[in-house]
Amino acid sequence: MNEATEQLMNEGCPAIVYRVKKEIKREELNKQEELYYQTLIYSEPKVQMVLSWQRPDGYFGTRLHTAPARSKMWTHEGCLRYLLEMGLTPENEEINKALDVMACPGWGKECEKSRAADVFKYEMIRASLYAQAGYNNSEFVSKWVDDALTGFRNIAEAEHYKDLVYEGKNHKLIFHEGKYIPVIYHLRILAFTESWRTKENMEMLRMAYNKMYQWLPLPSMYYKSKGQLVAPLGNVCWPVNKSFEKENAFLWFQFYELSARMGMLKGESPFRQHFEELKKNILKYGDKWSELQIKRKEIYANWSGYSGLALEGHWSGVVQIMHDLMFRVVLIDKYISISCDTNI
């Protein structure tokens with residue numbers, strides 16, 4: 001892992017080098033060094049392309065969560081998450097405006113009048129972006145922290161996932177009133193906040209994770225809104241408890257990074273063995289393994305609410321792909337070691 005870290009430091013794009021220094025090596029950068037890396041990242045062609053989509057009010061493109069058909073632009077959510085992942089901070093004017101505009105009426109665009117909005121309100125999308133940007137002490141974010149904890153508590157307290165649902169028409173499973181399981185935004189909110197990390201909550205989450213390991217992959221489950229069924233926003237039904245397979249790799253990266261940040265991949269976690277398998281595959285097969293990911297380039301290189309992991313600007317070369325995959329593995333490994341050093 002040390003060799004991988006040094007390789008990333010020597011060969012990675014500015015965003016990867018910056019994040020290795022900050023998050024993996026835990027270096028304290030002075031103002032001059034911060035400005036140096038922020039300038040390099042800001043100047044990256046792909047960053048400039050995304051910034052060119054920003055309107056004067058701070059909104060990226062025309063939609064929050066789903067891009068218009070045949071649009072080459074990402075959504076506001078995808079653009080903002082990409083820039084934050086690249087290492088740009090709210091001190092940057094464009095990032096600040098993109099966060100501020102979400103406090104204005106109509107920020108949700110097409111989502112506000114959708115059936116899904118009746119269930120989710122789409123405010124959890126905003127809360128997850130605020131949390132990742134470091135705005136995690138607001139009352140608004142705290143509300144969704146509680147919502148995320150309730151989702152995990154539903155799992156921890158159930159004997160079986162069938163306790164959370166009933167069977168509707170065409171054998172579709174529908175959540176009982178007030179019941180749900182965490183979605184990807186819940187994981188992001190918990191991953192980027194600290195206030196919830198009490199001994200009691202951590203124990204509850206560990207219990208939920210143990211049950212998830214036994215239950216996964218879960219069948220599709222739906223919310224009912226005004227007589228219509230609504231699919232969850234990417235929930236924890238993914239087969240991340242199964243033997244490692246290349247087609248599931250993207251789901252692994254998302255789930256394991258967020259789980260590691262939450263302190264849920266300690267040695268006793270049943271999911272830990274699967275992360276170790278992923279790590280082994282990345283480091284063992286190297287370029288050969290990364291070639292397999294080219295087939296799924298879009299899900300890594302295009303950013304939305306669910307897709308996007310690539311920090312390297314060009315995802316057509318094996319070397320750049322390898323840098324991104326290796327970075328995520330080393331990052332996850334670091335957050336596991338950090339959580340193992342705590343007593344909670």
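- Around atom CD of Glu200, no more than 12 heavy atoms belonging to other residues, nucleotides or ligands sit under 6.0 Å away.
- Under a 3.5 Å cut-off, the side chain of Thr193 and the backbone N or O of Asn136 do not form any donor-acceptor pair.
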| request: Show your working on ring pair (Phe, Tyr, Trp, His ring centres under 6.0 Å) between His274 and Phe255 and close with a plain yes or no. | output: CA-CA 11 Å; His274 295 283; Phe255 178 80; over 10 Å; no

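- Within the model, atoms CZ of Phe152 and NE2 of His186 stand 9.0 Å from one another, a figure rounded to the nearest 0.5 Å.
- Arg26 forms a cation-pi arrangement with Tyr335, by the criterion of a distance under 6.0 Å to the ring centre and an angle within 45° of the ring axis.
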For Gln254 and Arg188, run side-chain hydrogen bond (donor to acceptor under 3.5 Å, both in side chains): C-alpha distance rounded to whole Å, both residues' side-chain angles, the deciding distance at 0.1 Å, then the answer.
CA-CA 10 Å; Gln254 286 201 98; Arg188 289 176 185 154; 3.3 Å; yes

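- Screening Tyr59, Trp53, Tyr122 for a ring-ring contact (aromatic ring centres under 6.0 Å, His included) with His76, the sole residue that qualifies is Tyr59.
- Counting non-hydrogen atoms of other residues, nucleotides and ligands closer than 6.0 Å to OH of Tyr213 gives a total above 12.
- Lys97 contributes a side-chain N or O that, together with a main-chain N or O of Pro56, makes up a donor-acceptor pair within less than 3.5 Å.
- For Tyr130 and Phe192, the ring centers sit 6.0 Å or farther from each other.
- Figure legend: cation-pi geometry between Arg19 and Phe327 absent, as NZ or CZ is not positioned both under 6.0 Å from the six-membered ring centre and within 45° of its axis.
- For the atom pair NE2 of His65 and OH of Tyr185, the computed distance is 4.5 Å after rounding to the nearest 0.5 Å.
- Note on Lys334 versus Glu23: no salt bridge recorded, every NZ/NE/NH1/NH2 to OD/OE distance being 4.0 Å or above.
- For the pair Glu34 and Lys22, the salt-bridge criterion is met [side-chain N within less than 4.0 Å of a carboxylate O].
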- request: Tell me, with the steps shown, if Thr89 and Glu91 meet side-chain hydrogen bond (donor to acceptor under 3.5 Å, both in side chains).
  value: CA-CA 5 Å; Thr89 68; Glu91 281 70 35; 2.8 Å; yes

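- Of the possible donor and acceptor atoms, none in the side chain of Arg206 sits under 3.5 Å from a partner among the backbone N and O of Ser269.
- The closest donor-acceptor contact from the side chain of Tyr161 to the backbone of Pro219 lies at 3.5 Å or more, if one exists at all.
- Annotation: Asn30, atom CG; neighbour count of heavy atoms from other residues, nucleotides and ligands within 6.0 Å is above 12.
- Ion pair Lys280/Glu276 not flagged as a salt bridge, since none of the NZ, NE, NH1 or NH2 atoms sits closer than 4.0 Å to an Asp/Glu carboxylate oxygen.
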